[in-house]
Amino acid sequence: MNHSTKISVIVPCYNQAIFLDSCIESLMNQTYTNWECIIVNDGSTDNTEDIALNWQKKDNRIKYVKKANGGLSSARNTGIQNITGDFIQFLDCDDFLYKEKFEKSVRELDQQTNTVIITDFQRFDNVTQTIIPPHCVLKSEYFNQRDILLKWDNTFSIPIHCALFSKDLVEKYKFDEELKAKEDWIFWLQVYENNPQTHFIKEYLLAYRMSSSGMTYNQTFMYESKIKALEKLEQVVSDKELLREFFRHELLATMHENIQLTERIKLLGYKRTMKYKINKVLKIIGVKKE
């Protein structure tokens, strides 16, 4: 195999030292060896630095960068500033790759710019320590800006770790540091504004770690983050008719949610009224409520 294509792996870390060894070992086990890894310590207070420096001593392909805490997007952008490769792999330190991820991805390449190679994924249940099926089915026909805008989170979403992105796309768009969630969605939308050549490998070549903790499960936070992301869309999507279609869908979905919420509130009020009436009757007939 031609090993001329170099892959830069960006691993942002914030207080997840417990997973870092497993993540880096998945790189060390790759059958394709022309890669570099930039570990970005985003102001961790655990022993992330010790582990990262230990790996840096073991293998000169591994670089360590330390910065003040600025969030995931900031850490990834710092990694982008330090790359020397042709393609970029984003890999959060709690996730890991299967050993043929790079080799099978590079085989698909026929150009070095405006290119995305996407592989399928599985999930890793951190509680049971077992591999479980993905949360959605990825299909080649989804990899366009229209579907990424209209179907994201409803029909599918693509974990960022599934992809190798050509360097020109990553350096052009980077990640929006004002967003603390939904930054991946915005990044995908930006990349597909460019109609990149996309190769899809329908094989499970990485694992996305599932955890019951973390900001992803705070519904209020996610709702606020979505609003911030929606405010960015006009800067990202140039097709105004597509934007109008998206916001029509969002409006209808919000109206439907409001109707459901109103019905639940009515039902709750009905239940409280009935409970009051029942307790009043029990009091009249001298039956004490336990």
Side-chain angles (χ1 to χ4, degrees), residues 10-16 19 40-45 67-80 88 90-95 121 123 126 134-136 138 142-163 165 169-170 172-193 208-239 242-258 260-261:
I10 296 174
V11 180
C13 301
Y14 177 67
N15 289 344
Q16 292 182 306
F19 302 125
V40 183
N41 182 354
D42 189 36
S44 297
T45 56
K67 63 182 287 295
N69 180 252
L72 180 59
S73 293
S74 172
R76 286 176 176 167
N77 288 343
T78 297
I80 292 168
I88 288 75
F90 296 104
L91 181 62
D92 291 351
C93 69
D94 55 343
D95 301 323
F121 70 101
R123 292 179 296 170
N126 202 45
H135 65 262
C136 66
L138 295 182
Y142 295 157
F143 306 140
N144 59 81
Q145 193 182 58
R146 179 182 181 82
D147 282 351
I148 291 171
L149 180 63
L150 299 179
K151 297 180 180 179
W152 194 267
D153 282 342
N154 297 317
T155 304
F156 76 100
S157 61
I158 319 166
I160 198 81
H161 326 92
C162 291
F165 300 96
L169 291 172
V170 170
K172 180 178 181 181
Y173 296 116
K174 298 187 175 65
F175 290 85
D176 192 319
E177 296 185 19
E178 292 182 7
L179 298 176
K180 301 305 179 185
K182 298 291 183 185
E183 68 280 341
D184 287 3
W185 181 49
I186 294 296
F187 181 77
W188 281 107
L189 286 169
Q190 288 176 309
V191 165
Y192 276 88
E193 176 80 11
Y208 181 93
R209 193 182 299 268
M210 302 299 297
S211 173
S212 59
S213 61
M215 66 182 184
T216 304
Y217 294 87
N218 183 325
Q219 288 186 335
T220 301
F221 171 82
M222 292 304 291
Y223 185 75
E224 291 173 349
S225 297
K226 184 175 182 180
I227 291 173
K228 289 181 182 178
L230 294 181
E231 292 171 349
K232 303 279 185 180
L233 286 182
E234 286 192 2
Q235 305 167 28
V236 173
V237 180
S238 61
D239 186 336
L242 178 58
L243 274 179
R244 282 192 287 271
E245 183 178 351
F246 170 78
F247 281 114
R248 282 197 297 269
H249 287 179
E250 285 293 304
L251 178 59
L252 289 172
T254 301
M255 291 175 67
H256 183 64
E257 288 174 6
N258 286 343
Q260 290 182 322
L261 180 61

Could you state the interatomic distance from [atom1] ([X]) to [atom2] ([Y]), rounded to the nearest 0.5 Å?
X    : Y    : atom1 : atom2 : answer
N69  : T45  : CG    : OG1   : 9.5 Å
N154 : H249 : CG    : NE2   : 10.0 Å
D184 : I160 : CG    : CD1   : 4.5 Å
R209 : D92  : CZ    : CG    : 11.0 Å

### Query
Between Y208 and D94, does a side chain to side chain contact (heavy atoms under 4.5 Å, CB included) hold up when you go through it step by step?
CA-CA 8 Å; Y208 181 93; D94 55 343; over 6 Å; no

What residues form a salt bridge (charged side-chain N to carboxylate O under 4.0 Å, His left out) with [X], not counting sequence neighbours?
X    : value
E177 : none
K172 : none
D153 : K182
E231 : none

### Under-4.0 Å salt bridge between D42 and R76
no

### Electrostatic pair E183:K232 at N-O distance under 4.0 angstrom
no

### Task
Report the C-alpha distance between L189 and L149 in whole Å, list the side-chain angles of each, state the deciding distance to 0.1 Å, and finish with yes or no for side chain to side chain contact (heavy atoms under 4.5 Å, CB included).
CA-CA 7 Å; L189 286 169; L149 180 63; 3.8 Å; yes

Is [X] reaching over with its side chain to a backbone N or O of [Y], donor-acceptor style, under 3.5 angstrom?
X    : Y    : answer
N15  : S44  : no
E193 : V237 : no
N144 : R146 : yes
W152 : I158 : no

### Message
Does Y173 form a side chain to side chain contact (heavy atoms under 4.5 Å, CB included) with I186? I'd like the steps, not just the answer.
### Response
CA-CA 10 Å; Y173 296 116; I186 294 296; over 6 Å; no

Please give me the minimum heavy-atom distance between [X] and [Y], naming the atom from each residue.
X    : Y    : value
C162 : L138 : SG-CD1, 4.5 Å
D147 : Y142 : CB-O, 3.5 Å
L72  : P12  : CD1-CG, 3.5 Å
V11  : C93  : CG1-CB, 3.6 Å

### Query
Who pairs with H135 by side-chain contact (heavy atoms from CB on, under 4.5 Å), at least two apart in sequence or on another chain?
F121, R123, S157, P159

### Query
For the rings on F143 and W188, is their centre-to-centre separation under 6.0 Å?
no

### Message
Centroid separation under 6.0 Å, is that true for the rings of F90 and H161?
### Response
no

### Query
Which residues satisfy the side chain to side chain donor-acceptor pair (under 3.5 Å) test with T78, sequence neighbours excluded?
none

### Query
Is it the case that S74 and N77 place a side-chain donor and acceptor less than 3.5 Å from each other?
no

### Residue K226 excluded, over 12 heavy atoms near NZ under 6.0 Å
no

#### Entry: Other residues, nucleotides, ligands: >12 heavy atoms within 6.0 Å of E178 CD
no

### Query
How far apart are the C-alpha atoms of K180 and E224, what are their side-chain angles, what is the distance that settles it, and do they pass the salt bridge (charged side-chain N to carboxylate O under 4.0 Å, His left out) test?
CA-CA 10 Å; K180 301 305 179 185; E224 291 173 349; over 6 Å; no

### L150 vs L242, side chain to side chain contact (heavy atoms under 4.5 Å, CB included): CA-CA, chis, key distance, verdict
CA-CA 9 Å; L150 299 179; L242 178 58; 4.1 Å; yes

### Task
Measure up the F187 and F175 rings against each other and bin them: parallel (under 30°), tilted (30 to 60°), perpendicular (over 60°).
parallel

